[in-house]
S.K.: 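Starting off with a structure, shown below.
Small disclaimer: the values here were computed from a predicted structure and weren't measured.
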Amino acid sequence: MVILDDEKKDTEAWDELVTGMNELRLFSLSQRKQILDVEDDINREVVGLHVPSIPDLTEEEEDRVSKTLRKGQSGFLSEYKSAYLEYKDIYRLYPETWLNDEIINYYFELIADRQWKNQKLPSVHCYTTFFCSALREHGYDKVRRWTKRVDIFTKDLLLIPINQSYHWTLGVIDMKRKTISVYDSLGGNHDHTLSLLLKYLQQEHKDKKKQEYDVSGWTLSTPKDIPLQQNMSDCGVFTCYYAERLSANKPFDFTQDDMIVLRRRMVLNILDKHL
């Protein structure tokens with residue numbers, strides 16, 4: 001029996017923490033550090049929440065990123081495996097700018113590559129941003145050959161960046177835990193997409209393994225206790241960092257306040273071609 005978890009979890013404690021982080025802007029740098037140190041101790045010992053811990057870029061890294069993002073540049077910037085970027089794509093990493101397919105596909109290539117270099121991490125397969133829309137609009141036959149060189153049933157995690165109605169979310173199929181989840185930084189529900197991905201697993205198994213796939217015990221969910229965006233432009237960054245953290249077995253230790261530094265770190269990752 002497939003369990004569909006639509007229960008909304010209480011995020012009041014997290015919302016209060018984010019509000020408190022916004023109020024920190026009123027204090028000096030040294031005061032903010034003292035406040036964060038105190039809140040860090042309280043959160044970890046009492047309520048178990050994570051305060052943001054995204055490190056700033058070094059001066060040298062900031063200089064490299066600023067030069068890359070300097071306006072007026074055009075043409076080829078970087079290529080990695082099947083991902084190709086021009087300067088017009090990297091400019092999408094300016095603050096409050098919607099990410100395009102090219103940036104997200106490039107970043108997911110880096111996520112997939114990191115696992116090959118570190119066998120202690122979960123084994124992952126990353127789909128492109130075109131997968132879910134093709135599956136949704138044209139059915140399984142359209143995507144059946146997309147995995148002809150990979151056995152997804154040997155992987156720990158399947159990561160699927162999804163775009164629908166100009167909004168990015170992350171689909172995650174956890175093969176070990178038998179869960180399918182959609183991580184949405186706007187907190188929406190995605191029952192249709194969850195059912196679509198479960199059906200895809202059955203169709204893929206039937207096509208590649210020539211037998212029915214037992215989906216009893218699988219759980220479908222849209223997690224609510226996750227970092228949420230506070231604007232209408234950062235969904236792509238949230239999607240990338242949900243995937244980055246899950247694929248590294250790390251907690252979601254970022255918030256809306258970290259978006260600028262995370263965008264700049266993504267530029268650096270692209271320049272260095274590794275996470």
S.K.: Looking at residues at least two apart in the chain, or sitting in another chain, which of them share a side chain to side chain donor-acceptor pair (under 3.5 Å) with Asn249?
M.R.: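 In terms of side chain to side chain donor-acceptor pair (under 3.5 Å), with neighbours along the sequence ignored, Asn249 is linked to no residue.
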S.K.: Taking only residues two or more places apart in sequence, or in another chain, which ones meet Thr179 in a side chain to side chain donor-acceptor pair (under 3.5 Å)?
M.R.: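 Thr179 satisfies side chain to side chain donor-acceptor pair (under 3.5 Å) with no other residue.
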S.K.: Going by the rule side-chain contact (heavy atoms from CB on, under 4.5 Å), which residues pair with Arg149 if we only count those two or more places apart in sequence or in a different chain?
M.R.: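 side-chain contact (heavy atoms from CB on, under 4.5 Å) check on Arg149 returns nothing, list empty.
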S.K.: Kindly state each residue pair satisfying side-chain hydrogen bond (donor to acceptor under 3.5 Å, both in side chains) with at least one member in residues 160-171, sequence neighbours excluded.
M.R.: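 Listed by first then second residue: His167-Asp184.
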S.K.: Just jot down the side chain to side chain donor-acceptor pair (under 3.5 Å) partners of Tyr200, sequence neighbours excluded, or say none.
M.R.: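 Expected list: Tyr127.
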S.K.: What residues, two or more places apart in sequence or in another chain, satisfy ring pair (Phe, Tyr, Trp, His ring centres under 6.0 Å) together with Tyr84?
M.R.: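 Counting only residues at least two positions away or on another chain, Tyr84 forms a ring pair (Phe, Tyr, Trp, His ring centres under 6.0 Å) with Phe76.
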S.K.: Looking at residues at least two apart in the chain, or sitting in another chain, which of them share a ring pair (Phe, Tyr, Trp, His ring centres under 6.0 Å) with Tyr107?
M.R.: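 Expected list: Tyr241.
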S.K.: Got a salt bridge between Arg263 and Asp234, using NZ or NE/NH1/NH2 to carboxylate O under 4.0 Å?
M.R.: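 Between Asp234 and Arg263 there is a salt bridge, with a charged N closer than 4.0 Å to a carboxylate O.
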S.K.: My understanding is that only residues two or more places apart in sequence, or in another chain, count here; which of them pass side-chain contact (heavy atoms from CB on, under 4.5 Å) with Lys250?
M.R.: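 Expected list: Arg245, Ala248.
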S.K.: Considering residues at least two apart in sequence or located in another chain, which fulfil the ring pair (Phe, Tyr, Trp, His ring centres under 6.0 Å) criterion with Tyr183?
M.R.: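 Counting only residues at least two positions away or on another chain, Tyr183 forms a ring pair (Phe, Tyr, Trp, His ring centres under 6.0 Å) with Tyr242, Phe252.
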S.K.: Write out all pairs satisfying salt bridge (Lys or Arg N to Asp or Glu O under 4.0 Å) with one or both partners inside residues 203-216, taking only residues at least two apart or from two chains.
M.R.: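 For residues 203-216, and leaving out neighbouring residues, the salt bridge (Lys or Arg N to Asp or Glu O under 4.0 Å) pairs sorted by first residue read Arg144-Asp207, Asp151-Lys209, Glu204-Lys208, Lys206-Glu212.
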S.K.: For Arg114 and Glu244, run salt bridge (Lys or Arg N to Asp or Glu O under 4.0 Å): C-alpha distance rounded to whole Å, both residues' side-chain angles, the deciding distance at 0.1 Å, then the answer.
M.R.: CA-CA 10 Å; Arg114 178 176 61 181; Glu244 190 278 327; 2.8 Å; yes
S.K.: Mind checking what makes side chain to side chain donor-acceptor pair (under 3.5 Å) contact with Asn269, not counting sequence neighbours?
M.R.: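 Once residues adjacent in sequence are excluded, Asn269 has no partner under the side chain to side chain donor-acceptor pair (under 3.5 Å) criterion.
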S.K.: Only counting residues at least two apart or in another chain, list the ones meeting side-chain contact (heavy atoms from CB on, under 4.5 Å) with Ala83.
M.R.: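 Here the qualifying residues are Tyr106, Glu109.
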